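Within every chain, numbering begins at 1; the chains are lettered A, B, ... in the order of the sequence lines, protein sequences first and strands thereafter. Here the structure is a predicted model, which is why all the values come from computation and not from measurement.
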Protein chains: 2
Amino acid sequence: MPNDDVQTTGKVTIFDVAEASGVSYGTVSRVINNDPHVRPATRARVMDAIQRLGYVINRQAQSLARGQTHVIGVLVPELGNGYIGEIMRGIDGELDQAGYDLMLFTTHRRAAKEANYVASLVQGVVEGLLLVLPRNPADYLGVLSARKFPHVLIDHQGIDTTSPAVGATNWQGAFVATEYLIGLGHRRIGFITGSMDLGCAQDRLEGYKAALRAHHLPICPELIYEGDFFQHAGVQGANALLDLPEPPSAIFASNDVMAMGAMDAVRHRGLRVPDDISIIGFDNIPQSAVLLPPLTTVQQPLEQMGRVATQMLFDMLQEPGKRTSRIELPTELIVRQSTAPYRNRIG
Amino acid sequence: MPNDDVQTTGKVTIFDVAEASGVSYGTVSRVINNDPHVRPATRARVMDAIQRLGYVINRQAQSLARGQTHVIGVLVPELGNGYIGEIMRGIDGELDQAGYDLMLFTTHRRAAKEANYVASLVQGVVEGLLLVLPRNPADYLGVLSARKFPHVLIDHQGIDTTSPAVGATNWQGAFVATEYLIGLGHRRIGFITGSMDLGCAQDRLEGYKAALRAHHLPICPELIYEGDFFQHAGVQGANALLDLPEPPSAIFASNDVMAMGAMDAVRHRGLRVPDDISIIGFDNIPQSAVLLPPLTTVQQPLEQMGRVATQMLFDMLQEPGKRTSRIELPTELIVRQSTAPYRNRIG
DNA sequence: GCACTTTTTGTAAGCGTTTACAAAACATCC
DNA sequence: GGATGTTTTGTAAACGCTTACAAAAAGTGC
């Protein structure tokens, strides 16, 4: 007689379990779903059969029958940078707690495809969608909104105002950081922007300008270098700024990665950070704390943004009609050793 | 009479489309699946109805009926570091081409949960599993193998030998890099290891040792600092090595991130790279090229590893019985400016 | 032990597709 | 214009589960 231990192959269904334990398939279903209406003895028998046969539930079928998948989709422009990783960590944590699974889509490849892509892929598989740092959201948002498909944007305060979103107080963060440099005595402060097609980059620039204005300092176009959030732009931006006839004494980069590039460029010229040039970043990625010198930066609550966005999405799933909102989480200035009081460097 | 344009809500099924276009649901299914056995005129009529009603297929139901989901799962220890991001890029690209979707699982949170976690979550939802850099794979591999569940390991040449895997030639990479330093005249070469619980970290260390041996140089335990692949370990490792009575003239870090830390530490002591100390990394993450100086490193074909692993998985799905293999993709030494010929630095 | 209530179990229908098979429509030839 | 062969279309059953409802069993109080 063959061993009927854990089946290694083939599909074990609810019917097999029912037969093996001498109950009906309905009862097996109830056991699986922890329905209280089942006698302890019966439950034990069924559980035993489940073990023996190595039964695991078929989520497809369950989803189909229940009409819900317990999967949410996350759309990211790309993996690889730590910034998105932090956000993902928050999303993942929250999803995990709720027992949801996560389907990952990247735009970078299919960006060119038709706008319906998101809607069509997503329909029937994911219950909601989290859009991280969408670059040209106009494409999908139309479809998503039209279909009333639950979704929330993360870190994009762009043109669209109808979709719920969570971001950070980029403007204030940049304002505070700039003000801090001004407080240290710096008067000429260089600024390296991010990709200006992103709302957050624009906001940071505006915050910088506003702080200068608030302190009656001139806004010099030559002190503003247009970057793109990549390290290389930090290097080039710093070089461009330091080549100026009247170079700045401090550089504010729109993210930490560019700040790192700027730090390298400064040192490569034989100048010291922060003695000769103060440098400040934005994001507070994990690396910033272990640089030499540790980087002064504006902390973005990235993980929290992920968490909050996920919770918002769950709210929407619960009460489909609910008024959606746009949330901005506070940034915080983290003072470390890459900034110092101004002193007349050359003369 | 109400407008029957794109429905914004509710579910449009194959039956609705059938009714709207005056054909049977079977025909609609055929149209959806591009079955050639349907008259052009009929096809057009159905397509039109699909458009009008805004029908999109329900993947759950399709999966259930077809018995395949077109989803594969990827299990990663964490997001956030660029290393995994590169691998993911390769996976994603390959999946995309094949029209598969990607479900992402992270271990870091549920690691403590029972070993069946992978199997139970996965069964019925994903057709195969890619395990990226699994840290304690013994837990799941047993279940996976027992169930003959298609899976491939990425970058883990550990104890387990039965599962198919793709990795890189870590040993050779480290050997070549070390030999390169020796060729530059260095005799005392410091080594900062990765997490020694990972096979790749062990292999790199062995490659380093083998190169020394091959050139009849002594293996000095004090020159080997045990790190963990994080930047901080690079800083500490470099400091420890340089504090030695007889410090090394070159440092080989087991990954680029630690090499960056080491570079910072070296400079912080007023020494220059590469003039005083040569530094070499491993991985060739995108950042390494834009450091100052650009980092000499061993390139790992991360994206390619992702691609190859995914292809292997597809092969396994196609021919379930197929003999599985373990592949090692070649590493390559990338010479940049963080390494220089040895010269007697102090004396 | 009976009538009654409550709990447990079984059954049938449904979720939205696919697909094998049968039926109907069309084309082709003599 | 019928016999024949080829497409095209319709129908029914299946995929593995949930769930409302009905039936059976078990538990009560007298």
_Option passing side chain to side chain contact (heavy atoms under 4.5 Å, CB included) with A/Ile72 (candidates A/Leu129, A/Leu130, A/Thr310)_ = A/Leu130

*Counting just side-chain N and O atoms, does A/Thr27 come under 4.0 Å of either OP1 or OP2 of C/dT8?*
no

*When you check the phosphate oxygens OP1 and OP2 of D/dC17, does a side-chain N or O of A/Ser63 lie under 4.0 Å from one of them?*
no

*Start at the 5' end of DNA chain C and walk down; is the nucleotide closest to A/Pro36 or to A/Gly26 reached first?*
A/Pro36

*Quick one: is A/Thr13 getting a side-chain N or O under 4.0 Å of the D/dG16 phosphate, OP1 or OP2?*
no

*Between D/dT6 atom C1' and B/His37 atom NE2, what is the distance in whole Å?*
10 Å

*Taking the side chain of B/Ala65 as its heavy atoms from C-beta onward, which of D/dC15, D/dC17, C/dT9 lies nearest to it?*
D/dC15

*asked:* From CG of A/Asp35 over to P of D/dC17, roughly how many Å is that when rounded to an integer?
replied: 17 Å

*Whole angstrom is fine here: how far is it from CG in A/Leu64 over to P in C/dA13?*
18 Å

*Provide the closest heavy-atom pair for A/Pro77 versus A/Leu133 in the form atom of the first, atom of the second, distance.*
CG-O, 3.9 Å

*Figure out the CG/P separation between A/Leu53 and D/dG16, and round it to whole Å.*
15 Å

*Do A/Val125 and B/Gln60 pass the side-chain contact (heavy atoms from CB on, under 4.5 Å) test, and can you show the C-alpha distance, the side-chain angles, and the key distance before you say yes or no?*
CA-CA 6 Å; A/Val125 180; B/Gln60 302 294 316; 4.2 Å; yes

_Both A/Arg66 and B/Arg45 contact DNA chain D. Which one's nearest nucleotide lies toward the 5' end?_
B/Arg45

*Kindly determine whether A/Asp101 and B/Met103 satisfy side-chain contact (heavy atoms from CB on, under 4.5 Å), including the steps that lead there.*
CA-CA 8 Å; A/Asp101 284 325; B/Met103 202 126 170; 3.3 Å; yes

*Could you give the CG-to-P distance, from B/Asn58 to D/dC15, as a whole number of Å?*
18 Å

*Side-chain donor/acceptor contact of B/Arg59 with base of C/dG16 under 3.5 Å*: no

*If you find the nucleotide of DNA chain D closest to A/Ser29 and the one closest to B/Tyr25, which residue's nucleotide is nearer the 5' end?*
B/Tyr25

*Can you check the B/Phe15 CZ to C/dG16 P distance for me, whole Å?*
9 Å

_Assess the residue pair B/Glu94 and B/Tyr100 against the criterion (side-chain hydrogen bond (donor to acceptor under 3.5 Å, both in side chains)); give the C-alpha distance rounded to whole Å, side-chain angles, the decisive distance to 0.1 Å, and a yes or no._
CA-CA 9 Å; B/Glu94 209 61 28; B/Tyr100 268 67; over 6 Å; no

_Atom pair distance, as rounded to whole Å: CG in A/Asp16 and C1' in D/dC15_ = 13 Å

*Show your reasoning for whether side-chain hydrogen bond (donor to acceptor under 3.5 Å, both in side chains) applies to A/His70 and A/Ser63.*
CA-CA 8 Å; A/His70 264 220; A/Ser63 299; over 6 Å; no

*Side chain of B/Ala61 only, please: which of D/dC17, C/dG16, C/dT8 is the nearest?*
C/dG16

*asked:* In this structure, how many angstroms lie between the C1' atom of C/dC15 and the CD1 atom of B/Ile57, rounded?
replied: 14 Å

*Has A/Arg39 got a side-chain N or O lying under 4.0 Å from the OP1 or OP2 atom of C/dT9?*
yes

*asked:* Quick check on C/dT18: is either OP1 or OP2 less than 4.0 Å from any side-chain nitrogen or oxygen of B/Gln62?
replied: yes

*Does A/Asn33 have a side-chain nitrogen or oxygen under 4.0 Å from the phosphate oxygens OP1 or OP2 of D/dT18?*
yes

*Classify the nucleic acid contact of A/Gly67 as base, sugar-phosphate or nothing, counting any heavy atom under 4.0 Å across all strands shown.*
nothing

*Which nucleotide in C/dT17, C/dT9, D/dT8 has an atom nearest any side-chain atom of B/Thr42*: D/dT8

